[in-house]
Number of protein chains: 2
Amino acid sequence: MKTDRTTLRRLPERGSHDPDTVEGILDEALICHLGLVDAEGRPFVIPTIHARIGDVLYLHGSPASRALRAGSGVDACVVATIVDGLVLARSAFHHSMNYRSVVVYGRAEKVEDAGEKGAALEAIVEHVLAGRSAGTRAPNEKEVKGTLVLRLTLAEASAKVRAGGPLDDEEDMGLPVWAGHVPLRMVAGDPVPAADLVAGAPPWPDYELGRGEKSP
Amino acid sequence: MKTDRTTLRRLPERGSHDPDTVEGILDEALICHLGLVDAEGRPFVIPTIHARIGDVLYLHGSPASRALRAGSGVDACVVATIVDGLVLARSAFHHSMNYRSVVVYGRAEKVEDAGEKGAALEAIVEHVLAGRSAGTRAPNEKEVKGTLVLRLTLAEASAKVRAGGPLDDEEDMGLPVWAGHVPLRMVAGDPVPAADLVAGAPPWPDYELGRGEKSP
């Protein structure tokens with residue numbers, strides 16, 4: 001949704017409020033950064049893991065616990081950023097990165113309902129690795145109670161995307177400098193079994209990893 | 001430096017104030033997230049690029065321009081996070097990620113001195129790709145003036161690192177579930193030359209890419 005805060009002031013041509021774009025980036029990003037304001041009015045930011053269910057973003061909020069006053073929720077800003085490549089221009093000034101990012105503004109509220117909380121925790125594990133929840137030991141009541149989960153709607157969310165090569169100034173186009181872009185991607189290495197894995201534990205289940213990359 | 005804000009309250013055994021650890025993570029991370037507070041007292045976070053010179057962190061601050069009041073600087077929190085892997089436990093609850101992150105608190109100030117600003121801009125290009133500055137067209141006066149660069153000391157910086165396999169509860173150790181961790185790393189694909197690269201431009205200079213990964 002386009003609101004005053006989500007109106008893209010800088011490079012608006014890179015921006016989007018399209019829900020598919022926003023949701024796709026949130027689903028692909030492994031982590032996000034949660035910004036809050038502390039009791040003294042100063043900003044603080046924590047990296048955390050998240051998952052999306054419909055138009056609600058759930059965050060594993062334990063690192064934020066000292067900022068959350070009971071019940072009422074707090075103003076939050078969540079950013080998920082995926083780096084897609086380096087952009088090398090002819091001029092130093094036009095160097096850049098290719099990326100996809102989403103910014104979500106809203107009130108972050110503690111999830112109190114046990115059913116919603118359980119679903120959110122499962123979604124967070126599934127977000128890290130689809131298919132992983134089944135087979136693992138499910139959270140017990142103490143674990144669910146002891147974990148802080150935050151919810152934030154995607155009502156004030158926007159995406160920004162930069163792709164492709166450099167945009168140099170006309171007068172620099174003839175310079176004898178290599179220019180272009182270099183794609184970057186996250187890949188998974190060989191799974192490392194826990195040293196104390198019991199005999200009889202099943203082999204690595206060959207999950208889909210790295211957002212499209214298959215484990216070797 | 002250990003101050004009230006950088007005292008690690010959650011999982012302090014993962015924390016460090018060691019300058020080498022802090023600086024190594026900042027140097028390796030391709031981007032960071034800058035948290036500020038807007039005029040209404042609400043948090044906002046922007047992804048941006050950075051570079052370190054000694055114990056000063058420089059940020060490409062243009063996206064932050066609307067938050068910066070003239071001259072005086074603003075309270076800021078910068079986080080750089082590198083995701084190193086997925087941690088798959090026997091219980092859903094103990095799933096985690098391996099990561100290295102740095103949090104820097106401080107006053108972000110506009111860099112006004114032309115010499116310092118030029119050095120910071122060069123460091124930011126070099127941070128993206130070491131060796132890249134030489135050969136590109138250097139910033140002219142208009143570009144230097146038009147680019148907002150922020151400085152922040154590393155006086156209040158701390159690192160957090162998680163590595164290795166899962167830490168399951170004793171009573172879950174015998175469960176027939178694959179457990180372990182999966183390393184993740186960023187790799188560079190083939191460089192894509194700009195479509196309008198002039199004849200006579202030098203070939204791809206074979207920079208070191210992806211923090212240790214060589215381009216193919």
Side-chain angles (χ1 to χ4, degrees), chain A residues 10 30-31 33 35-37 41-45 47 63 75-77 79 81 83 86 90-93 95 101 125 128-129 133 135-139 143 165-166 172-189 191-194 196-198 200-202 204-205 209, chain B residues 10 30-31 33 35-37 41-45 47 63 75 77 79 81 83 86 90-93 95 101 125 128-129 133 135-139 143 165-166 172-189 191-194 196-198 200-202 204-205 209-210:
Chain A
R10 191 166 175 274
L30 277 172
I31 63 164
H33 284 79
L36 298 166
V37 176
R42 297 176 305 192
F44 73 102
V45 176
D75 283 316
C77 175
V79 179
T81 307
V83 175
L86 311 179
R90 293 153 184 93
S91 64
F93 182 74
H95 278 63
S101 70
V125 170
V128 172
L129 197 51
S133 278
T136 58
R137 197 263 294 155
E143 289 170 342
D172 292 330
M173 297 303 285
L175 294 176
V177 181
W178 191 91
H181 68 282
V182 182
L184 295 174
R185 65 187 203 287
M186 191 75 112
V187 296
V192 181
D196 45 14
L197 204 57
V198 288
W204 166 250
L209 275 173
Chain B
R10 190 165 177 276
L30 278 172
I31 62 163
H33 284 78
L36 298 167
V37 176
R42 298 176 303 192
F44 75 100
V45 177
D75 283 316
C77 175
V79 180
T81 307
V83 174
L86 311 178
R90 295 154 183 92
S91 64
F93 182 73
H95 277 64
S101 69
V125 170
V128 172
L129 198 51
S133 277
T136 59
R137 198 263 294 155
E143 290 170 341
D172 292 330
M173 296 303 285
L175 293 177
V177 181
W178 191 92
H181 67 282
V182 183
L184 295 175
R185 66 187 201 286
M186 190 77 111
V187 296
V192 180
D196 44 14
L197 205 55
V198 286
W204 166 250
L209 274 174

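Predicted, not measured: the structure shown is a model, and the values here were computed from it. Throughout, a chain's letter reflects where its sequence line sits, starting with A, and its residues are numbered from 1.
- Counting heavy atoms from C-beta outward, A:Met186 and B:Val187 have side chains that stay 4.5 Å or more apart.
- In this structure, B:Pro43 and A:Ala76 approach most closely via the heavy-atom pair CG-CA, 3.8 Å.
- In this structure, the portion of A:Asp172 lying under 4.5 Å from any heavy atom of chain B is its side chain and not its backbone.
- Closest non-hydrogen pair, A:Val45 versus B:Cys77, comes out as N-SG, 3.3 Å.
- To the nearest 0.5 angstrom, B:Arg90 atom CZ is 11.5 Å from A:Arg137 atom CZ.
- Ranking B:Gly174, B:Ala138, B:Pro166 against chain A, the residue ahead of the rest is B:Gly174, based on heavy-atom pairs under 4.5 Å.
- For chain A, the nearby part of B:Val125 is the side chain; its heavy atoms alone come within less than 4.5 Å.
- For the atom pair NE2 (B:His33) and CD1 (A:Ile31), the distance works out to 7.5 Å, reported to the nearest 0.5 Å.
- Note on A:Ser91, A:Ala201, A:Gly165: by heavy-atom pairs under 4.5 Å with chain B, the leading option is A:Ser91.
- Counting heavy atoms from C-beta outward, B:Pro191 and A:Trp178 have side chains that approach closer than 4.5 Å.
- Proximity to chain A (any heavy atom under 4.5 Å) is restricted, for B:His95, to the side chain, taken from C-beta onward.
- Annotation: maximal heavy-atom pairing with chain A below 4.5 Å, among B:Val198, B:Val192, B:Leu197, occurs at B:Val192.
- Rounded to the nearest 0.5 angstrom, A:Met173 CE and B:Asp196 CG are separated by 3.5 Å.
- Here the OG1-CG distance, from B:Thr136 to A:Leu175, works out to 9.5 Å after rounding to the nearest 0.5 Å.
- Looking at B:Ser133, there are no atoms closer than 4.5 Å to chain A (heavy atoms on both sides), in backbone or side chain.
- Minimum heavy-atom separation, A:Val182 to B:Ala188: CG1-CB, 3.9 Å.
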